[in-house]
2 protein chains.
Amino acid sequence: MSDLVARLRRHQWRMTPQRRVIAEMLDGAHVHYTADEILERACEHMPEISRATVYNTLNEMVALGEVAELNFDGRSKRYDPNVDHDHHHLICDGCGTTRDVHTTADPLDGLPGDERHGFTVTEASITFRGRCPDCVDAG
Amino acid sequence: MSDLVARLRRHQWRMTPQRRVIAEMLDGAHVHYTADEILERACEHMPEISRATVYNTLNEMVALGEVAELNFDGRSKRYDPNVDHDHHHLICDGCGTTRDVHTTADPLDGLPGDERHGFTVTEASITFRGRCPDCVDAG
DNA sequence: TCTTTCATTAGACAGAGTCTAAGATAGGAT
DNA sequence: ATCCTATCTTAGACTCTGTCTAATGAAAGA
C-alpha cells in the first residue's frame with residue numbers, strides 16, 4: 001500500500017483502479033515523470049487507460065495538494081509526490097532527468113527587503129542544472 | 001538607439017526592420033513578455049510581420065547569448081534581455097508579472113557535494129514567488 | 001547595379017494539454 | 001446482494017505554443 005494512496009483516501013477521493021495505478025507509480029518513483037511517461041507506464045498494467053484520465057488524475061492530485069507540478073523545460077510538466085519536505089531540484093541538461101535535492105540554507109534569506117519591490121514573497125525554489133553521470137560519460 | 005540592437009550588431013547579425021522592432025521592444029521593457037505578446041505589440045508598428053519571424057528572431061537572440069529564455073508557468077516562454085548580470089526572478093502568483101532580482105549569496109554554495117548525486121552542476125537559479133503590490137491590494 | 005546569401009512569409013505541422021458527450025462504475029442506500 | 005446516482009473514464013476533437021517548409025523578398029558586399 002502506497003503512502004500517497006493513503007493520503008489521497010483521506011480526502012474522500014473516490015479510488016478507482018486507474019487512479020490507484022497512477023498514485024502507486026508516482027509514489028514509488030525517485031525521479032519525476034512527465035504525464036506521457038506516466039501514461040506509457042500505466043498502459044503496461046492497464047492497456048485501456050486513457051490520456052484524459054491520466055491528465056485529470058494528475059491535476060486533481062495537484063489540486064488536493066498531495067502532488068506538486070514542476071516545469072523546467074517549457075515543454076512537459078513533471079509530477080512530484082514529495083510535498084512534505086521543502087526541497088529543490090537538480091536537472092540534467094542532457095536527458096532532462098529530474099531529482100530532489102536539499103540545500104543548507106533557505107534561499108528566501110538571500111533576498112534583501114529592497115530587492116522585493118513591494119511584493120509579499122512567500123516562496124523560493126532553486127533549480128540546479130548540470131549533467132547527470134550518464135550524460136557526462138556520453139560526452 | 002537601443003543597447004540590445006548595438007549588442008546584436010556586434011555579432012555581425014543582419015539587421016532588418018523586423019528584427020529591430022523586436023529588439024527595441026524587448027530592450028525597453030520593464031517586464032518580460034511572451035512571444036505572443038511580442039508579436040501582438042510588433043503588429044502595431046508593422047502589421048504584416050509574421051509569427052515565424054518573431055519566433056525565429058527570439059530564438060536567434062537566445063542562441064547569440066544576448067537574450068535569456070524563461071519559463072515559469074509551463075505554457076509560454078518569456079524573454080529577458082538582461083543577460084549581463086546574473087540575477088534571479090520574482091513572479092506574482094496573481095498576475096504573472098515577472099521581474100529581475102539580485103541575491104546576496106550564490107545559491108550553488110548551498111548545495112553540498114553529497115547532494116549532487118554524481119552530477120556536474122554548473123548553474124543555479126532561484127524563482128521567488130509571491131504577490132505584487134497590486135495583487136495584494138486586490139485581495 | 002548586380003549578385004549572393006540570408007531573412008521573411010503563409011500556412012501546414014507537431015507536441016502537450018484540455019474539453020466534450022456518451023457510456024461505465026464506485027460506493028452508499030435499501 | 002442489488003440498486004441508484006453521482007462521478008469517473010473514454011475516444012477523439014480541439015486549443016495553444018511553438019517549429020518547419022518552400023517560395024518570395026531584401027541586406028550588403030563586389
Side-chain angles (χ1 to χ4, degrees), chain A residues 5-6 8-26 32-43 45-64 66-80 95-96 98, chain B residues 5 8-26 32-43 45-64 66-80 96 98:
Chain A
V5 169
L8 291 165
R9 277 195 169 292
R10 275 179 224 129
H11 290 276
Q12 283 96 38
W13 198 52
R14 185 181 284 188
M15 190 51 62
T16 66
Q18 290 87 345
R19 289 176 173 187
R20 183 182 302 275
V21 165
I22 293 169
E24 289 180 347
M25 181 171 315
L26 271 181
H32 305 319
Y33 297 118
T34 64
D36 258 12
E37 287 167 351
I38 291 168
L39 172 59
E40 195 179 332
R41 285 158 168 269
C43 278
H45 296 86
M46 183 177 280
E48 74 287 4
I49 193 170
S50 82
R51 208 157 53 101
T53 296
V54 172
Y55 279 101
N56 287 343
T57 299
L58 291 169
N59 285 339
E60 280 158 29
M61 289 174 176
V62 171
L64 290 173
E66 295 296 350
V67 167
E69 197 174 74
L70 310 176
N71 185 268
F72 298 118
D73 62 0
R75 269 171 287 161
S76 39
K77 295 174 184 169
R78 290 172 183 269
Y79 294 88
D80 178 353
C95 63
T98 302
Chain B
V5 169
L8 291 166
R9 276 195 172 292
R10 276 180 224 127
H11 290 277
Q12 282 96 39
W13 198 50
R14 185 181 287 188
M15 189 52 61
T16 67
Q18 290 88 345
R19 289 177 172 186
R20 183 182 303 273
V21 165
I22 294 169
E24 289 179 348
M25 180 170 317
L26 271 181
H32 304 320
Y33 298 118
T34 64
D36 259 12
E37 286 166 352
I38 290 168
L39 172 59
E40 195 179 333
R41 286 156 167 270
C43 279
H45 296 85
M46 184 178 277
E48 74 287 3
I49 194 171
S50 83
R51 207 157 55 101
T53 296
V54 171
Y55 279 100
N56 287 344
T57 300
L58 291 169
N59 285 339
E60 279 158 28
M61 289 174 177
V62 171
L64 291 174
E66 295 295 350
V67 167
E69 197 173 72
L70 310 176
N71 186 268
F72 297 118
D73 62 359
R75 269 171 288 159
S76 39
K77 295 173 184 169
R78 289 172 184 268
Y79 294 88
D80 178 352
T98 302

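For the numbers below, each heavy atom of this structure counts, side chains included, while hydrogens, waters and symmetry mates do not. Everything numeric in this text was worked out from a predicted model, so none of it was measured.
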Margin query: In whole Å, I'd like the distance from the CH2 atom of Trp13(A) to the C1' atom of dT7(D).
Written below: 13 Å
Next item on the list: Report yes if some heavy atom in the side chain of Asn71(A) is under 4.5 Å from a heavy atom in the side chain of Asp73(B); otherwise report no.
Entry: no
Next item on the list: Considering just the side-chain nitrogens and oxygens of Asn56(B), establish if one lies under 4.0 Å of OP1 or OP2 belonging to dT19(D).
Entry: no
Margin query: How many whole angstroms separate atom CE of Met46(B) from atom P of dG25(D)?
Written below: 16 Å
Checklist line | Gap between atoms NZ and P, on Lys77(A) and dG15(C) respectively (whole Å) | finding: 18 Å
Check: Heavy atoms under 4.0 Å, any strand shown: does Arg75(B) hit a base, just sugar-phosphate, or nothing?
Finding: sugar-phosphate
Item checked: 5'-most by nearest nucleotide on DNA chain D - Pro17(B) or Arg78(B) -> Arg78(B)
Notebook entry, point to check: Between dC8(D) atom C1' and Leu8(A) atom CG, what is the distance in whole Å?
Noted result: 15 Å
Next item on the list: Pick base, sugar-phosphate or nothing for Thr53(B), based on heavy-atom distances below 4.0 Å to the nucleic acid.
Entry: base
Next item on the list: Return the value, rounded to whole Å, for the distance between atom CG of Asn71(A) and atom P of dG15(C).
Entry: 18 Å
Check: Side-chain N or O of Thr16(B) less than 4.0 angstrom from OP1 or OP2 on dC6(C)?
Finding: no
Check: Within less than 4.0 Å of OP1 or OP2 of dT19(D), is there a side-chain N or O belonging to Tyr55(B)?
Finding: no
Next item on the list: Heavy atoms only: give me the nearest Glu37(A)-Arg78(A) pair and the separation to one decimal.
Entry: OE1-NH1, 3.8 Å
Next item on the list: Would you classify Arg51(A) as touching base, sugar-phosphate or nothing, given that sugar-phosphate means primed atoms plus P, OP1 and OP2, and contacts are heavy atoms under 4.0 Å?
Entry: base
Notebook entry, point to check: Is a side-chain donor or acceptor of Arg9(A) paired with a backbone partner of Met15(A) at a separation under 3.5 angstrom?
Noted result: no
Check: Is there side-chain contact between Leu58(B) and Leu26(B), with at least one heavy-atom pair below 4.5 Å?
Finding: yes
Item checked: Separation of atom CE in Met15(A) from atom P in dG27(C), rounded to whole Å -> 8 Å
Next item on the list: Look at the side-chain N and O atoms of Gln18(B) and state whether any lies under 4.0 Å from the OP1 or OP2 oxygen of dA26(D).
Entry: no
Checklist line | Value in whole Å for how far the P atom of dG18(D) lies from CD of Glu60(B) | finding: 16 Å
Notebook entry, point to check: Expressed in angstrom and rounded to an integer, what is the separation of Leu58(B) atom CG from dG18(D) atom P?
Noted result: 9 Å
Notebook entry, point to check: With a 4.5 Å heavy-atom cut-off, do Asp80(B) and Thr98(B) have their side chains touching?
Noted result: no
Notebook entry, point to check: Does a side-chain N or O from Arg14(B) land closer than 4.0 Å to OP1 or OP2 of dA28(D), or not?
Noted result: no
Note to self: By nearest atom, which of the nucleotides dG27(C), dT8(C), dT17(D) is closest to the Arg19(B) side chain?
What the structure shows: dT8(C)
Checklist line | Closest nucleotide among dC8(D), dT9(C), dT9(D) to the Ile49(B) side chain | finding: dT9(C)
